[in-house]
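Below is one structure, written out as structure tokens; comments come after it.
Predicted, not measured: the structure shown is a model, and the values here were computed from it.
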Amino acid sequence: AARKAGQPLAADSLVCDRIGQLAAQIQAARLLAVNTAVVVQDGEVPVHQGAMVKVFASELMVSLSEAVFDLVGTGATLEGGATSALLDGRFEYAVRDALLYTIGGGTNEIQRTLIALRGLLELIVQVKDEKVREGLFAEVRNVKSEFDNLKHKLEEAEKQLAELQKALVFLEREMEK
């Protein structure tokens with residue numbers, strides 16, 4: 001069992017607190033996913049619900065990866081086949097994977113904009129004064145235009161990321177020779 005200062009990690013209240021927080025966040029991610037599935041089951045497109053799941057779950061994956069590093073030490077940073085690599089490098093792979101999820105499918109910043117726009121639209125519909133409502137809709141159209149520009153830039157960045165990933169695989173293969 002893992003130990004810290006000669007004591008099992010389970011005896012450390014800070015470790016228990018951190019694990020408890022992560023467990024609660026995992027449950028919250030599950031509930032967001034279930035909510036999104038219900039929207040799909042009802043025949044609707046889960047635009048902002050899907051974005052919420054993506055943002056929360058991808059950032060949770062990063063938090064879980066950081067917790068593993070903090071709790072089990074440097075063995076979690078080693079890739080498969082390395083001496084002292086934990087679980088044959090699965091932790092190290094999971095960290096790289098987690099970082100990509102915050103970018104892939106639309107950066108979390110763009111997803112947050114999508115969530116905010118949807119929430120704003122729901123509030124605008126409730127505004128009684130027609131002039132105020134039209135002004136708010138105009139502002140949303142401006143934000144959507146900016147969002148579309150960011151989305152285009154993201155698509156270009158994702159293409160570059162794919163090329164970088166190919167280059168990384170090539171370099172890894174060359175280093176193995």
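No more than 12 heavy-atom neighbours from other residues, nucleotides or ligands sit within 6.0 angstrom of CD on Glu130. Taking a 6.0 Å sphere around CZ of Arg118, one finds it holds 12 or fewer heavy atoms contributed by other residues, nucleotides or ligands.
Side-chain heavy atoms closer than 4.5 Å link hydrophobic residues (I, L, V, M, F, W, Y) into clusters, and following such links, even through other members, never connects Val34 to Leu60. Under the 4.5 Å side-chain heavy-atom criterion for ILVMFWY residues, a single connected hydrophobic cluster contains both Leu114 and Ile110. Grouping the Ile, Leu, Val, Met, Phe, Trp and Tyr side chains by contacts below 4.5 angstrom, directly or via other members, places Val132 with Phe137. A continuous path of hydrophobic side-chain contacts links Phe56 to Val53 [ILVMFWY only; heavy atoms under 4.5 Å].
Between Val55 and Ser58, the shortest heavy-atom distance links the atoms O-OG, 3.2 Å. When all heavy atoms are compared, the tightest approach of Ala98 to Ser65 is CB-OG, 3.8 Å.
Rounded to the nearest 0.5 Å, atoms CG (Leu71) and CZ (Arg18) are 5.5 Å apart. To the nearest 0.5 angstrom, Ile115 atom CD1 is 7.5 Å from Arg112 atom CZ. Distance CD1/Ile26 to CG/Leu31: 12.0 Å, rounded to 0.5 Å. Going from atom CG of Asp129 over to atom CD of Glu134 covers 10.5 Å, rounded to the nearest 0.5 Å.
Under the 4.5 Å side-chain criterion, counting only non-hydrogen atoms from C-beta, Met52 is not in contact with Asn35. Contact of the Ile124 side chain with the Arg133 side chain is registered, since non-hydrogen atoms from C-beta on lie closer than 4.5 Å. The shortest side-chain heavy-atom distance between Leu32 and Gln49 does not fall under the 4.5 Å cut-off. Residues Ile19 and Val15 form a side-chain contact, since some pair of their non-hydrogen atoms from C-beta on lies under 4.5 Å apart. You'll find the side chain of Val62 reaches within 4.5 Å of the side chain of Glu66, heavy atoms only.
In terms of modelled atom types and a separation under 3.5 Å, the side chain of Asp42 and the main chain of Glu44 share no donor-acceptor contact.
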Gln25/Leu22 under side-chain contact (heavy atoms from CB on, under 4.5 Å): CA gap, chis, key distance, verdict: CA-CA 5 Å; Gln25 290 174 348; Leu22 291 169; 3.7 Å; yes
